[in-house]
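The structure appears below as structure tokens.
None of the values given here were measured: they were computed from a predicted structure. Side chains included, hydrogens not; waters and symmetry mates left out as well; all remaining heavy atoms used.
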Amino acid sequence: MFSFLSSYRLVKSIFPRTSCFRSKHILATMSTGKLESDHFRSVLTDDVLRIAEVIGSAKRPDNGQSHEVRLVGGAVRDLLMDKKPKDVDLATTMLPEDMFALCESSGFRTIATGLKHGTITVVTEEGQHVEITTLRVDEETDGRHATVKYTADWRLDAARRDLTINALSLGLDGTLYDYFSGEQDIHDRRVRFVGDPVQRIEEDYLRILRYFRFHGRIAADPAVHEEVTLSAIRRLKDGLRRISVERVRSEICALLCGRNAPGEIKVMYDLQLAELTGLPLPGNLAELERVWLAQRESGRDMVPMTMLVALHGPKQGSMLPFTEHWKLSRAERALLLFVAGNRACDGDLKFYKDMLTHVKPASKDHVLALLVYQGRLGLANEILAWKIPAMPLNGHVLKQRGFQPGGEIAVLLTRLRKEWQASNFTMSADELLKGVGGTPPGDGGK
């Protein structure tokens with residue numbers, strides 16, 4: 001269970017004044033406070049502070065004030081959950097073209113990652129990638145893409161975000177800006193859309209899947225959802241057909257690796273989202289839960305491909321069509337098909353060692369994923385610790401003994417490899433060569 005607010009202090013200063021505004025059925029009431037934590041201080045590296053100083057040195061043309069820089073998005077959410085953020089995302093009132101030119105002229109390596117959407121990336125001397133985005137509002141949306149307009153209003157920028165827990169911003173002095181009670185939602189382990197869920201989803205239908213991903217990460221109970229949210233998802237679920245399979249795949253794989261994944265996937269099946277996302281029908285939810293629990297227990301990184309195998313029952317036939325529909329990478333496809341093709345295996349430790357020393361050996365990661373899928377965590381630990389030995393013979397040695405390259409050597413090597421495996425990988429080259437025949441090198445055929 002999460003222990004929120006455990007090792008940071010949020011010194012509340014909810015001002016007697018509250019700043020409210022209405023925008024398309026959204027009522028925003030801002031509360032502020034000061035965040036104090038070791039994780040927050042660790043985010044404020046010299047490079048991040050220098051970026052903020054460079055941008056803040058420029059004046060806004062509308063009022064002559066310095067441009068402001070804040071932490072936004074997942075970094076703020078993670079800090080409030082007492083986690084060290086993996087990424088640092090900043091937002092500012094400066095226009096993207098001006099920001100790009102200023103950072104570049106200040107000696108930063110600057111990349112125009114999404115300039116037309118207001119985002120640049122600054123690469124620090126330490127190799128850290130810091131994304132900086134101009135505050136913006138969505139002028140037009142089609143369920144996938146948005147036409148944006150830049151703004152200097154932090155409230156309007158927060159109002160366009162999907163979830164309250166993602167609409168927070170944090171000044172570099174530790175001041176927390178919360179327009180939609182996102183900090184309280186994190187504390188209460190509640191996931192809500194900003195304003196009207198229908199409007200938020202219609203702006204980008206992928207938000208349906210993002211909702212489940214964050215609900216699985218934060219919510220106390222995967223089965224508890226606000227009815228207004230579920231109603232909006234039921235109404236708009238067909239919009240998922242308009243989302244690219246790559247975006248769908250990315251969200252579902254992230255969901256599968258998170259907290260409460262089996263419960264979230266079950267709700268998605270109950271809402272008939274499986275067919276819309278390419279997940280199998282029917283889904284083997286009991287097997288998914290078993291494999292997900294085994295992965296958690298193993299202590300290894302969660303592997304979404306094995307959980308996708310679990311959802312596909314063994315009687316549902318080949319998974320090749322699924323790999324093609326989801327456009328899996330070559331590595332993802334190889335792992336998924338290996339686990340699917342071998343999940344019924346019930347060998348001992350030696351069986352899996354043989355897999356790793358075959359003439360076309362399986363990779364250790366594949367075998368470990370298979371063993372975790374099977375729930376055989378003891379064997380997985382033994383395989384993890386085992387140093388794969390090298391076959392002491394090869395075709396070059398046999399060629400030196402007079403055997404013909406090609407079929408003759410290949411057949412002989414296969415036989416000798418089986419003998420070596422049968423000896424539990426202890427036979428030496430000399431022992432394997434006894435009785436093979438041929439002319440040892442240096443004998444001159446005598």
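Comment: Arg200 does not engage Asp162 in a salt bridge, judged by the lack of any side-chain N to carboxylate O separation of less than 4.0 angstrom. A salt bridge is absent between Lys350 and Asp348: the closest approach of a Lys/Arg side-chain nitrogen to an acidic carboxylate oxygen does not fall below 4.0 angstrom. Using a 4.0 Å cut-off between charged side-chain N and carboxylate O, Glu203 and Arg207 make a salt bridge. We find that Asp38 and Arg41 are joined by a salt bridge, their nearest charged nitrogen and carboxylate oxygen being less than 4.0 Å apart.
Residues Tyr352 and Trp386 place their aromatic rings such that the two centres sit no closer than 6.0 Å.
With hydrogens and angles ignored, the 3.5 Å screen pairs a side-chain donor or acceptor of Thr277 with a backbone N or O of Leu273. Of the possible donor and acceptor atoms, one in the side chain of Arg343 sits under 3.5 Å from a partner among the backbone N and O of Val309.
Seen from the ring of Tyr205, Arg242 does not count as a face-on cation partner, given the 6.0 Å and 45° thresholds. A cation-pi contact, defined as under 6.0 Å to the ring centre and within 45° of the axis, is absent between Lys84 and Phe40.
Shown here are the salt bridge (charged side-chain N to carboxylate O under 4.0 Å, His left out) partners of Glu287, two or more places apart in sequence or in another chain: Arg290.
Note on ring orientation: taking the six-membered ring where Trp is involved, the planes of Tyr211 and His225 are tilted (angle from 30° to 60°).
None of Arg70, Arg155, Arg161 except one satisfies the side chain to side chain donor-acceptor pair (under 3.5 Å) rule with Ser169; the exception is Arg70.
Contact check for Met319 versus Leu336: side-chain heavy atoms found under the 4.5 Å cut-off. Counting heavy atoms from C-beta outward, Asp238 and Leu276 have side chains that approach closer than 4.5 Å. Residues Phe425 and Met391 have side chains not in contact (no heavy-atom distance under 4.5 Å, counting atoms from C-beta outward).
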